[in-house]
Amino acid sequence: SDLRNLIGSGYKVYFQTVPNKYLGKEHLSLLYKYFTNPFFINTASNYLRDKALLTKINIRISPKVKDIDKKFEGSQLWHSDHHDSKMLKIFILLKDVNLNSGPLEVLNKKMTKKIMKDINYDCFSKNSHSDSLVNTNHEYDVMTGLKGSIIIVDTVSCFHRGSRMQTEDRLILEANYRSEEHTSEL
């Protein structure tokens, strides 16, 4: 079925989550089993330097937009997630993603850390989401790929943005991992 019919009217029209109720318990169980296999858990644990806990699984869609000249907002602007000191997100592309799909764009961790220090970045400030955080001369990665490609990003330590000017749908499976130590503080 067309996933665009399943998405809600969330505040991010440009980046929606398919409600888990549409996936069904059997599919959710399979996704949980997939993302808790040793490859993903060990990858996340090694990066986080702690036991990694799977905290979220979502199917996300960035629907093609009618008005590509619309002003960008929220996560369409450069930002850092504020959920933890580190968080690893694993994205699996459920469709080919190209420049027309509004792909995720990521600035490397070293440059992000330098910018954060230079400007005294505060992820809770009113200026925490802004295209001015990253200069146009900074090199960043554009996460395009074929269906089935896996993208792994620390969205706390790396400035990122996405869902910009998409003239094609972007469909991804997202899993979030946090350290056991930080998760217990929630």
Check: CE of Met165 to OG of Ser62: how many Å apart, nearest 0.5 Å?
Finding: 13.0 Å
Notebook entry, point to check: With the 4.5 Å side-chain cut-off for hydrophobic clustering, are Leu146 and Ile172 part of the same group?
Noted result: no
Item checked: Minimum side-chain heavy-atom gap Val97-Phe91 below 4.5 Å -> no
Next item on the list: Report yes if some heavy atom in the side chain of His160 is under 4.5 Å from a heavy atom in the side chain of Glu105; otherwise report no.
Entry: no
Note to self: Please enumerate all residues that pass side chain to side chain donor-acceptor pair (under 3.5 Å) together with Ser130, with sequence neighbours excluded.
What the structure shows: Ser132
Notebook entry, point to check: Can you list the residues that meet the salt bridge (charged side-chain N to carboxylate O under 4.0 Å, His left out) rule with Arg170, with sequence neighbours excluded?
Noted result: none
Next item on the list: Quick one: pull up OG in Ser128 and CG in Asp81 and give me the separation to the nearest 0.5 Å.
Entry: 10.0 Å
Margin query: How long is the straight-line distance from CE of Met87 back to OG of Ser80, given to the nearest 0.5 Å?
Written below: 8.5 Å
Check: Is any side-chain heavy atom of Phe35 less than 4.5 Å from a side-chain heavy atom of Leu173?
Finding: yes
Notebook entry, point to check: Does any non-hydrogen side-chain atom of Lys147 lie less than 4.5 Å from one of Leu93?
Noted result: no
Notebook entry, point to check: When Ile, Leu, Val, Met, Phe, Trp and Tyr are grouped by side-chain heavy atoms lying under 4.5 Å apart, directly or through other members, which residues fall in the same group as Leu99?
Noted result: Trp78, Leu107, Met111, Ile115, Met116, Ile119, Tyr121, Leu133, Val134, Tyr140, Val142, Phe159
Checklist line | Heavy-atom donor-acceptor pair, Asn135 side chain to Asn137 backbone, under 3.5 Å | finding: no
Next item on the list: Would you name the heavy atoms of Asn98 and Asn100 that are closest together and state the gap between them?
Entry: OD1-N, 2.7 Å
Checklist line | Partners passing side chain to side chain donor-acceptor pair (under 3.5 Å) against Gln76 (at least two apart in sequence or in another chain) | finding: none
Item checked: Gap between atom OH of Tyr34 and atom CD1 of Ile92 - 0.5 Å precision -> 3.5 Å
Note to self: Rounded to the nearest 0.5 Å, what separates atom CG in Asn58 from atom OG1 in Thr17?
What the structure shows: 4.5 Å
Next item on the list: Would you please name every residue forming a side chain to side chain donor-acceptor pair (under 3.5 Å) with Asp154, sequence neighbours left out?
Entry: Tyr47, Ser157
Check: How long is the gap from CD1 on Ile59 to CG on Leu23, to the nearest 0.5 Å?
Finding: 4.5 Å
Notebook entry, point to check: Is there a donor-acceptor pair closer than 3.5 Å between any side-chain N or O of Gln166 and the backbone N or O of Val65?
Noted result: no
Note to self: Is any side-chain heavy atom of Lys51 closer than 4.5 Å to one of Ile41?
What the structure shows: no
Checklist line | ILVMFWY cluster, Ile150 and Tyr177 together (side-chain gap under 4.5 Å) | finding: yes
Margin query: Given 3.5 Å as the limit, does a donor-acceptor pair link the side chain of Asp169 with the main chain of Lys64, or not?
Written below: yes
Next item on the list: Using a strict cut-off of less than 4.0 Å between a Lys/Arg side-chain nitrogen and an Asp/Glu carboxylate oxygen, indicate whether Glu174 and Lys89 qualify as a salt bridge.
Entry: yes
Item checked: Shortest non-hydrogen separation from Leu88 to Ala44 and the atoms involved -> CD2-CA, 3.6 Å
Margin query: Applying a strict under-4.5 Å side-chain criterion to I, L, V, M, F, W and Y, I'd like to know whether Ile57 and Leu28 cluster together.
Written below: yes
Check: With sequence neighbours left out, what residues match Glu168 under salt bridge (charged side-chain N to carboxylate O under 4.0 Å, His left out)?
Finding: none
Item checked: Crowding at NE2, His138 (>12 non-hydrogen neighbours, <6.0 Å) -> yes
